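Notes for the one structure printed next.
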Amino acid sequence: MDTVSSKPVVTIRDLAGTLGLSHSTVSRALADHPKIKAETKLRVRALARELGYVPNGSAQSMRGQHGPTIGLIIPDIQNDFYASIAKTVADAAAARGFQLTLSVTEDNPEREMDDLRALIVARAAGIIITPTASPKAQTLELLAGANAVQLVRQDERLPHEAVVIDDYLGVSAATRHLVTYGHRDIAYVGTGTDLSCGRDRLAGFRAVMIEHGLNPDRVALGQPRPEFSHHAVHGLMSGSQRPTALVMGSSSLTIGALKALRSLNLQWPEDVSIVGYGDPVWFELMGSGLTTVRLPVQEMGAYVTSLLLARTELPRVTGGDACPQPSRFAPSLVLRGSARILAAG
């Protein structure tokens with residue numbers, strides 16, 4: 001007759017206590033967070049090997065802690081960024097013995113709430129969520145008691161760490177690039193400020209414009225959908241005072257902007273320079289290539305999954321810091337052929 005081994009299970013709490021570190025530091029070290037010192041990561045990993053720490057979804061499920069699934073709640077699967085994130089999270093979860101359940105909310109708070117409730121009823125081990133701009137009160141209540149991590153966006157009412165892009169850095173780098181090329185009339189098309197990422201991207205644009213004594217208010221903000229940016233860019237480029245350059249605030253908005261330019265028979269960079277946001281493969285294949293802000297998709301997807309799964313062992317904590325500092329991942333500016341240098345005037 002088979003018997004269950006009495007060997008004690010090593011947890012993150014055990015590692016943290018032995019090393020004299022906090023639970024969050026140990027979980028971040030195991031997840032290879034870029035801001036944790038290399039020396040600390042080596043200490044944590046060495047002890048984990050020594051004590052036989054193995055985070056395994058199936059084993060934890062058999063112990064009755066939760067089911068062998070994690071949930072990923074995102075607003076849009078047609079967006080290249082979110083599609084890539086979903087693949088990265090699914091692969092990282094599978095490598096740790098977990099399956100992925102995907103929810104696409106289309107930024108609908110009702111659907112967000114229903115899908116979240118279903119995941120909790122199914123005893124998902126954890127939830128990665130890109131929250132809508134206005135989550136329902138019940139959504140916030142459900143998340144408060146769940147093992148969850150926020151992704152891309154941070155709702156400051158939730159007591160969960162957020163893994164985000166340094167959006168301020170990304171858009172400010174794009175704007176500064178155009179300013180150094182001689183552009184003075186630059187417009188920004190971005191997401192609304194009801195989202196944390198929208199606020200950070202707008203702030204990055206305005207900071208650079210103000211720094212150089214330029215107009216920071218040529219801005220169009222709306223839903224992160226191609227239809228919105230198509231309308232916004234069509235309006236910007238149809239007037240008599242057209243901007244010489246456009247900074248885009250998401251990959252979906254970039255797509256809409258390119259469609260608008262085509263409908264107006266305008267060429268880039270001859271008629272207008274443009275810097276996109278996100279970097280799907282086809283950005284490199286269009287004409288001379290689209291200069292864009294490349295997002296750290298693989299790094300963020302791998303980290304957020306490791307962080308979530310490391311915390312499946314930690315006790316749920318209520319109260320305390322309601323707005324922990326987010327983990328920010330830096331994007332990079334990829335220079336191609338969609339921006340031109342203006343002659344000094």
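Every value quoted in this text rests on a predicted model; they were computed, and no experiment measured them.
Remark: side-chain polar atoms of Thr40 are not paired, donor with acceptor, to backbone N or O of Ile36 under 3.5 angstrom. Formation of a donor-acceptor pair under 3.5 Å by the Asp279 side chain with backbone atoms of Leu295 is not found in this model. Without hydrogens or angle criteria, Thr292 side chain to Tyr277 main chain gives a donor-acceptor distance under 3.5 Å. Between the Ser238 side chain and the Gly235 main chain, no donor and acceptor come within less than 3.5 Å of each other. For Thr175 (side chain) and Val171 (main-chain N/O), a donor-acceptor pair under 3.5 Å exists by modelled atom type. For Ser338 (side chain) and Ile274 (main-chain N/O), a donor-acceptor pair under 3.5 Å exists by modelled atom type. Put simply, the side chain of His183 gets close to the backbone of Arg340: a donor and an acceptor are under 3.5 Å apart. Side chain of Arg153 to main chain of Pro131: a donor-acceptor pair is present (N/O by atom type, distance under 3.5 Å, no hydrogens or angles). No donor-acceptor pair closer than 3.5 Å links the side chain of Ser273 to the backbone N or O of Ala245. Side-chain atoms of Ser229 come within 3.5 Å of backbone N or O of Pro226 as a donor-acceptor pair.
Screening Ile128, Val163, Leu72 against Leu308 for a side-chain contact (heavy atoms from CB on, under 4.5 Å) leaves a single residue, Ile128.
Gln150 and Thr130 share no donor-acceptor pair across their side chains, judged by distance under 3.5 Å alone. In summary, the side chains of Thr69 and Gln99 do not present any donor paired with an acceptor at a separation below 3.5 Å, with no hydrogens or angles considered. For Asn108 and Thr132, the side-chain atoms include no donor-acceptor pair closer than 3.5 Å.
Looking at Thr291 and Val334, their side chains never come closer than 4.5 Å, going by heavy atoms from C-beta outward. Side-chain atoms of Ser327 and Glu161, non-hydrogen and from C-beta on, do get closer than 4.5 Å to each other. Considering only heavy atoms from C-beta on, Met248 stays 4.5 Å or farther from Val275 through its side chain. Contact of the Leu116 side chain with the Gln138 side chain is not registered, since no non-hydrogen atoms from C-beta on lie closer than 4.5 Å. The shortest side-chain heavy-atom distance between Val164 and Phe329 does not fall under the 4.5 Å cut-off. A 4.5 Å side-chain heavy-atom check between Ile186 and Asn215 finds every atom pair outside the cut-off. You'll find the side chain of Val149 stays beyond 4.5 Å of the side chain of Ile129, heavy atoms only. Counting heavy atoms from C-beta outward, Arg225 and Asp107 have side chains that approach closer than 4.5 Å.
Salt-bridge check for Arg117 with Asp114: passed, with a basic side-chain N closer than 4.0 Å to an acidic carboxylate O. Classification of Lys136 and Glu110 as a salt-bridged pair holds, one side-chain N sitting under 4.0 Å from a carboxylate O. Residues Asp185 and Arg242 are not paired through a salt bridge, judged by the lack of any N-O separation under 4.0 Å between the basic side chain and the carboxylate.
Shown here is Gln78, whose CD atom has no more than 12 heavy atoms of other residues, nucleotides or ligands within 6.0 Å. Within 6.0 Å of CD in Glu39 there are 12 or fewer heavy atoms belonging to other residues, nucleotides or ligands. By the neighbour-count criterion of 12 heavy atoms within 6.0 Å, atom CD of Gln223 is sparsely surrounded, having that number or fewer from other residues, nucleotides or ligands. Within 6.0 Å of the CZ atom in Arg262, the count of heavy atoms belonging to other residues, nucleotides or ligands does not exceed 12.
Atom CD of Glu112 sits about 5.0 Å away from atom OG1 of Thr139, to the nearest 0.5 Å.
Pairing each heavy atom of Phe228 with each of Ala220, the nearest pair is CZ-C, 3.8 Å. In plain terms, the two heavy atoms of His234 and Ser263 that are nearest each other are CD2-OG, 3.6 Å. When all heavy atoms of Pro135 and Arg157 are compared, the closest pair comes out as CD-NH2, 3.4 Å. Of all non-hydrogen atoms in Asn147 and Ala125, the two that sit nearest each other are ND2-O, 3.1 Å. Ser250 and Thr254 make their closest contact through O-OG1, 2.8 Å (heavy atoms, listed as atom of the first residue, atom of the second, distance).
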Please determine whether side-chain contact (heavy atoms from CB on, under 4.5 Å) holds for the pair Val189 and Leu236, giving the CA-CA distance in whole Å, both sets of side-chain angles, and the decisive distance to 0.1 Å. CA-CA 10 Å; Val189 181; Leu236 285 167; 3.9 Å; yes
Worked verdict on Arg176 versus Glu211 for side-chain contact (heavy atoms from CB on, under 4.5 Å): CA-CA 10 Å; Arg176 195 178 304 279; Glu211 175 188 340; 3.1 Å; yes
Residues Thr88, Gln298; criterion side-chain hydrogen bond (donor to acceptor under 3.5 Å, both in side chains); working and verdict: CA-CA 6 Å; Thr88 302; Gln298 302 298 325; 3.1 Å; yes
Show the numbers, then the answer: is there a salt bridge (charged side-chain N to carboxylate O under 4.0 Å, His left out) between Asp166 and Arg201? CA-CA 9 Å; Asp166 192 335; Arg201 293 170 194 175; over 6 Å; no
Carefully, step by step, assess Asn79 and Ser252 under the rule side-chain hydrogen bond (donor to acceptor under 3.5 Å, both in side chains). CA-CA 6 Å; Asn79 182 307; Ser252 293; 3.3 Å; yes
Dump the intermediate steps for side-chain hydrogen bond (donor to acceptor under 3.5 Å, both in side chains) on Thr25 and Ser22, then the final yes or no. CA-CA 5 Å; Thr25 297; Ser22 68; 2.9 Å; yes
Apply the test side-chain contact (heavy atoms from CB on, under 4.5 Å) to residues Trp268 and Leu258: give CA-CA distance (whole Å), side-chain angles for both, the deciding distance (0.1 Å), then the verdict. CA-CA 9 Å; Trp268 47 266; Leu258 296 176; 3.5 Å; yes
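Ring pair Phe205/Tyr188 is parallel by interplanar angle, where below 30° counts as parallel and above 60° as perpendicular.
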